[in-house]
Amino acid sequence: MDEKYFAENIEEKWQRRWEQSGAFEAEPDPARAKHFYCLEMLPYPSGFLHIGHVRNYSIGDALAWFKRLQGYNVLHPIGWDSFGQPAEQAAIKRGVMPREWTESNIEHMRGQFKQLGLSFDWRREIAAHTPEYYKWDQWFFLKMLERGLAYKKISPVNWCPAEETVLSNEQSSGGVCWRCGASVEKRDIEQWFFRITSYAEQLLDDMREIEGGWPERVLTMQRNWIGRSEGAYIEFQIKDTDERVRVFTTRIDTIYGANAVVVAPDHPLIERAPLREDVRRFAERVRTERMAARAPGALEEKEGINTGLLAVNPFSGESVPVWAANYVLNEYGTGAVMSVPAHDERDFEFAQKYSLPIRRVIERISHDQPRIAHDPAHEDQSVAMDQAFTEHGILVNSGDWSGKLSDDAKREMTGFAESKGFGERAVTYRLRDWGVSRQRFWGAPIPVIYCDVCGVVPVPESDLPVVLPERAEFTGAGQSPLASVPEFVNTTCPKCEGPARRETDTMDTFVDSSWYFFRYCDPHNAEAPFDREKVAYWTPIDQYIGGVEHAVMHLLYMRFWTKFMRDIGLVSFGEPVKKLMTQGMVVAETFYREGEEAGQKIYFNPSDVEVVRDDKGRIASATLIDDGHPVTVGPFEKMSKSANNGVDPHEMISAYGSDATRMFVLFAAPVENDLRWQEAGIDGALRFLRRVYSFVYRWRERLRDAPKDAASAGEFSPGARRLRHETHRTIERVTNDFESLRYNTAVAAMMELSNALGDFKAAPLSATPSDLFAVRETLESLVLMLAPFAPHVAEEMWDGLGHEGGLLQSGACWPTFDEALARRDEVEIAVQVNGKLRGRVSLSADASEEETRAAALNDERVRAWTEGKQIVKTVVVPGRLVNVVVR
RNA sequence: GCCGAAGUGGCGAAAUCGGUAUACGCACGAGACUCAAAAUCUCGCGAGCGCAAGCUCAUGGGGGUUCGAUUCCCCCCUUCGGCACCA
């Protein structure tokens, strides 16, 4: 152990030793009952680490260390979500092949992960773009197909008319093509879907199993995303035709207030019915706009057009116009709604805009003023309302149903509609099937062959994987690059052996991340996606950690996938994740200047930029201090996952070491908070590590003579007793904090303990045996608790304290606390008079309520405030506070 | 627009069950050590008033419940995440 702590002298050394000893390699061991699967979300290999990665993997790594020290067999793997759009963009822009680009990114990021000293079992590394991995994506696709869960249907994509190519949402943001600026259109093509909707009910019901382990907000978002609603289908006859429009409503009780039937612009009726040209044009325009405009604030303005058709309300017999409007979605319900402006906010807004009649059919239930159900004054009148009344109530103006309560009316009217054959009870979901087709190169090829004779033929399992070609033309225009590789496309039909063509769509990358956590249990299996025994030992995941931005899609897909795997007998459970932690976004302001090449950006280190903020904390201006010549830089942007503009933490790690970097990123804020990243403050983490290190260095020689146990240490001085109390109290706090991932307060508690050690007056040379015992207890506990945050320096100090062979090999285990020592024997009671703090009294911790009250009332300052007043009551909170209420 | 969150000193934050608001750290100020600097150590540090003891105000804004509210309820403002082809 050197005298001074320098990260660069020890971090590589310990990383080498960990690798040589296989310290983080885990195997299923039936003898070890305590095992733990700790997983962070699969990283996309964008090229370099950003601070959000450092945070995510530091959170998981700390937990993995904590559990190992507690004696668990810990699985902590890592891999790469290496398919996806950016690799293809790089190919288009710079002509690099996606695989080369991806693999060099992986190599660089792997190096950065290793530099951080993250405790992964690297033998289990996987990458989605390797045939040995995506073979099983394809295998699962075939299983979905067998079960009728994969199917093809026509659905729209973004289309650039100039380049005749399919664009992603991101490539068409703002409604224009990312490369040529042409207005993006919508085009219908046939695509593959997974029938996630057939699991909608289970995805909802099974939330019961994970409640408590998952953040409530995530469950709420998923519940809303699935969007179950109970209601009814009702058929409206289209006048003078054989057509019927089926609407879905959750409020059949309001049907007498329907002033129109509104259909989506892409509703089949629009295609079929004889319509005016302007209606068709409107429908076409809205469909195009909807594809393009998904940004926040999209569809601000409700727009519609009267189709000229009339629909007959099956309850009232009334004819109402049929409109087409942009606020009705063809994907949801039946793509048609009855518009009841008096009782629905969107319909209300729409009716106001187009001056449609508004008829009130539900009244608030009034107890003091019972109203007449049949009020002739209300019949068939448009009532002035300034907003929709969306609550349940009592029906009025509703024929024979008037006077009924909404709840009863819903049930009875649905029954009536069923008996008359124009409606039925229905449950609908907002959730839509999962579109997995991508008209792109860099993904797992969908294992399907098209034969003119046999039609759609699945690739036989024995022919998997369908391997991506090494090279293709990447122009960014025209059809998918895969379609232009004849060796790939042209094949023979597995059934009839005649000439056939391969599917050129590849799979959504969410497929890769829907089951990768199972593959980690058996990452190199060539015969099956994994061995069931191995998976049964490790899964489900005990703790999953990742960004809150994945709260719905990724986490819903992996839940779906797990249920599917259960149904085909691969696993025995349906919920893949016991506990979920969603970390907040890391936002870093980045500063750049436009470069000389078009689209080139030159980034600056934020610490070299002087920032002026407005009163809302937004950047008003930023000046680069460059050789003393200030240069204004900008624009400024938020760090995002897709634009590779994050702050590279490499410099920070070089300057402060990975231990200080990791510790600081966890100390800076609670892990679920969004974090506006700034480097200022990291010095504090480094100073703390140095401080602990120098305590260890100074005491380590003498501590060899410390007594083995407290009983033989002799009498403890008051100072030593205080130190022991602090130590045990800190172990308690830190252990509790770890269990709920409150790392920021855990670090703070350890800092307090190191301050307490600094206050301990004994010097190494004059210390008594009991002093030595107390110091050793403190230092060993501190080093062990530090290990999950700063493993390299913890190893170095543990070694310095005379333990051979490394933390995980020397039998080190997480410190335990003695409750009696952790408890305080004297407490300070706050005394309030009328809720304002007026004094403090010190009492023994086990003082009774009466003693507490008496001591409080007897306090000099309190007496000054209560003198001459009447004491109305005293509230005593034992161990904390007394509030004296006076008049 | 819809769904989900967040807002506390100059800054990151703490107070987890309705009970002492600002722990811990950063920045800053003063001092010690030093020829000097760095490092380290000690002390101070929400705002206003006051010589002081102390008093008043303060947890985005407004209202409410309570002996007592950062915490619970209602309304509003601002910021962030997701919205199905970024992952």
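Proteins come first, then strands; the chains are lettered A, B, ... in the order of their sequence lines, and each starts at number 1. Values reported hereafter were calculated over all heavy atoms of this structure, with side chains retained and with hydrogens, waters and symmetry mates removed. The structure presented is a predicted model; accordingly, all values stated were derived computationally and were not measured.
- Comparing B:G25, B:A14, B:A5 against the side chain of A:Arg217 picks out B:A5 as the nearest.
- For B:G9, the glycosidic angle deviates from 0 by 90° or less, giving a syn base.
- Contacts of A:Arg838 classified as salt bridge (charged side-chain N to carboxylate O under 4.0 Å, His left out), with partners at least two apart in sequence or in another chain: none.
- The salt bridge (charged side-chain N to carboxylate O under 4.0 Å, His left out) search around A:Asp433 returns none, not counting sequence neighbours.
- Using a 4.0 Å heavy-atom cutoff across all strands shown, A:Arg430 reaches at least one base atom of the nucleic acid.
- For the segment residues 877-887 of chain A, residues with any heavy atom less than 4.0 angstrom from an atom of RNA chain B are, sorted by number, A:Val877, A:Arg880, A:Leu881, A:Asn883, A:Val885.
- Contact check, A:Asn755 against B:G25: a side-chain N or O comes under 4.0 Å of OP1 or OP2.
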Protein and nucleotides 50-53 of chain B: nitrogen or oxygen contacts under 3.5 angstrom:
none

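- For B:A84, neither phosphate oxygen OP1 nor OP2 lies less than 4.0 angstrom from any side-chain nitrogen or oxygen of A:Arg432.
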Polar pairs (N or O, both sides) under 3.5 Å between protein and nucleotides 40-49 of chain B?
from: B:C41; atom 1: OP1; to: A:Arg691; atom 2: NH1; distance (Å): 3.0

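- Using a 4.0 Å heavy-atom distance criterion, A:Ala551 is classed as making no nucleic acid contact.
- With sequence neighbours left out, A:Arg55 forms a side chain to side chain donor-acceptor pair (under 3.5 Å) with no residue at all.
- In this structure, A:Ser514 has no side chain to side chain donor-acceptor pair (under 3.5 Å) partners at least two apart in sequence or on a different chain.
- When the side chain to side chain contact (heavy atoms under 4.5 Å, CB included) test is applied to A:Arg430, the partners found at least two apart in sequence or on another chain are A:Trp225, A:Tyr332.
- Phosphate contact (OP1/OP2 of B:C57, side-chain N/O of A:Lys836, threshold under 4.0 Å): present.
- No hydrogens or angles considered: nothing links the side chains of A:Asn105 and A:Trp80 as a donor-acceptor pair under 3.5 Å.
- Secondary-structure stems of RNA chain B, taken as three or more successive Watson-Crick or G-U wobble pairs (i with j, i+1 with j-1) under a 3.5 Å distance threshold, comprise B:1-7 with B:77-83, B:10-12 with B:24-26, B:28-32 with B:40-44, B:46-49 with B:54-57, B:60-64 with B:72-76.
- For A:Thr727, the side chain to side chain donor-acceptor pair (under 3.5 Å) test picks out A:Thr778, with sequence neighbours left out.
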| said: Is there a side chain to side chain donor-acceptor pair (under 3.5 Å) between A:Arg559 and A:Gln222? Walk through the geometry before answering. | reply: CA-CA 11 Å; A:Arg559 292 182 60 220; A:Gln222 293 212 350; 2.8 Å; yes

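- Seen from the ring of A:Phe193, A:Lys152 does not count as a face-on cation partner, given the 6.0 Å and 45° thresholds.
- Of the candidate nucleotides B:G54, B:A14, B:C86, B:C86 has the atom lying nearest to any side-chain atom of A:Asn169.
- For A:Glu345, there are no side chain to side chain donor-acceptor pair (under 3.5 Å) partners at least two apart in sequence or on another chain.
- A:Ile682 comes within contact range of no nucleotide atom at all, as no heavy-atom separation falls under 4.0 Å.
- For the salt bridge (charged side-chain N to carboxylate O under 4.0 Å, His left out) test, residues two or more places apart in sequence or in another chain that qualify with A:Glu828 are A:Arg840.
- Under the 90° criterion around 0 for the glycosidic angle, B:C72 counts as anti.
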